[in-house]
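Side-chain atoms are counted along with the backbone in the values below, which use heavy atoms only and exclude waters and symmetry mates. Order of the sequence lines fixes the chain letters, A, B, ..., with proteins taken first and strands second; residue numbering starts at 1 for each chain. Computed from a predicted structure; not experimentally measured.
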Protein chains: 2
Amino acid sequence: MIGRMASDLDTAAETRLRREGQRYTRGRRALVATLSTAATPLAIGELTAEVPQSSAYRNLAVLEQAGVVRRVITDGDSARFELAEDLTGHHHHLICSSCGRVQDVEVPPSLERDIDRALDRLARKAAFASVHHRLDLIGTCRDCAAAGR
Amino acid sequence: MIGRMASDLDTAAETRLRREGQRYTRGRRALVATLSTAATPLAIGELTAEVPQSSAYRNLAVLEQAGVVRRVITDGDSARFELAEDLTGHHHHLICSSCGRVQDVEVPPSLERDIDRALDRLARKAAFASVHHRLDLIGTCRDCAAAGR
DNA sequence: CTTCCTGCAAAAGTTTTGCATTAAC
DNA sequence: GTTAATGCAAAACTTTTGCAGGAAG
């Protein structure tokens, strides 16, 4: 999954959009391209070089609906976005509660399995149809720690 | 931890506020009391019966700073708040991506231990000073599933 | 009494929406 | 050519801030 070539990514994105009756337009291509080169989830402000703000919001909503993009919830003020996990690989986040920086990390497959098993059990008990889990670390990043924040 | 008596909770809250040079006022007591009776994290709108909106935001920020309250990040539009975990016990959330409802759940202690161990290792590698983790299930709650959402 | 908190109203910031124009198919 | 997406500007909403009056210590 990781390292997927740009053309593969475009094909996948286009397929998913078409399934929803949506077009894979220039602006949407630009958003997907930018997200695919980013090592961390991007805030709206980091995507408005490509596309005006209102179009960014609208297109990210469409891309999320089509399963191409995922909205990441952080402690910061504005939303962040990344490519869907089945396009980039399942991962987690180190979220700096001081500066809002988000860094991707992966955890050992054996732990993922244990987590999934335990959560499936919980979800079943609560009659909750689980779609996915979210496991993040909240703390202080290297830079903020060095700056005494 | 769970089932902590109201007076214990008040004492703990007051101690933590005092440590920050803050007072435990009527409005802050009301917020803590309301949060302590809630089974799920509450949105600002659910706290404005007690206290005007601007005071709610200000006081929740103070209470968070003092370690009495925790801001919970959900997929919804507005922030939600709950009592700090060391006052109520460590737990996780079932978040309904359709209606925004949040339900508390606990996972087996053995899994918590495994998660903590693995995350400590990751954090150390990334020079990230971890404070706590956040593990949530995103999916569809019983009611939304029944309603076909 | 002095300091900090409150509550109103206004401001700042984020996200959504209406509408005429432009691009996609 | 027809339908849907774009980009601007305005609106809606969430959160923060200024300040006069009131409560806490």
Taking all non-hydrogen atoms of both residues into account, name the closest pair between A:Val105 and B:Leu122 and its distance. CG2-CD1, 4.2 Å
Rounded to the nearest 0.5 angstrom, the CD-CD distance for B:Gln65 and B:Gln22 is 8.5 Å
Are B:Leu42 and B:Ile95 grouped together when hydrophobic residues (ILVMFWY) are joined by side-chain heavy atoms under 4.5 angstrom apart? no
Closest nucleotide among D:dG18, D:dT6, C:dT15 to the B:Arg58 side chain: D:dG18
Can you label the angle between the B:His133 ring and the B:His90 ring as parallel, tilted or perpendicular, going by 30° and 60°? perpendicular
side-chain N/O A:Thr25 vs D:dA4 OP1/OP2, d < 4.0 Å: no
Is B:Arg28 touching bases, backbone alone, or none of the nucleic acid, heavy atoms closer than 4.0 Å? sugar-phosphate
Can you measure B:Gln53 atom CD to D:dG18 atom C1' for me and round it to whole angstrom units? 17 Å
Would you please confirm or rule out a distance under 4.0 Å between OP1 or OP2 of D:dG25 and any side-chain N or O of B:Arg18? yes
Output yes when at least one side-chain N/O atom of B:Asn59 is less than 4.0 Å from OP1 or OP2 of C:dT6, else no. yes
Starting from C1' on C:dT14, measure out to OH on B:Tyr57 and report it in whole angstrom. 12 Å
Using the closest heavy atom to pick a nucleotide of DNA chain D for each, name whichever of A:Val51 or B:Ser78 lands nearer the 5' end. A:Val51
Scan B:Ala61 against the nucleic acid and name what it touches under 4.0 Å (heavy atoms): base, sugar-phosphate only, or nothing. nothing
To the nearest angstrom, the CZ-C1' distance between B:Arg71 and D:dT14 comes to 10 Å
Measure from the side-chain heavy atoms of A:Ser54 and tell me the nearest of D:dA4, C:dT16, C:dT14. C:dT16
Atom pair distance, as rounded to whole Å: CG in A:Leu63 and C1' in D:dA5: 12 Å
Any N or O donor-acceptor pair under 3.5 Å from the base of D:dT3 to the side chain of A:Arg23? yes
Taken to the nearest whole Å, CZ/B:Arg80 to P/D:dT15 is 11 Å
Contact nearer the 5' end of DNA chain C, comparing B:Glu50 with B:Asp77: B:Glu50
Rounded interatomic separation in angstrom, taking CZ from B:Phe81 and C1' from D:dT14: 11 Å
Tell me which nucleotide among D:dT6, D:dA24, C:dC8 gets nearest to the side chain of B:Arg26. D:dA24
Which whole-number value in Å describes the distance from B:Glu64 CD to D:dT15 C1'? 14 Å
Can B:Asp136 and A:Asp136 be said to form a side chain to side chain contact (heavy atoms under 4.5 Å, CB included), step by step? CA-CA 9 Å; B:Asp136 303 318; A:Asp136 303 317; over 6 Å; no
Check whether any side-chain N or O of A:Gln22 sits under 4.0 Å from OP1 or OP2 of D:dA5, and answer yes or no. yes
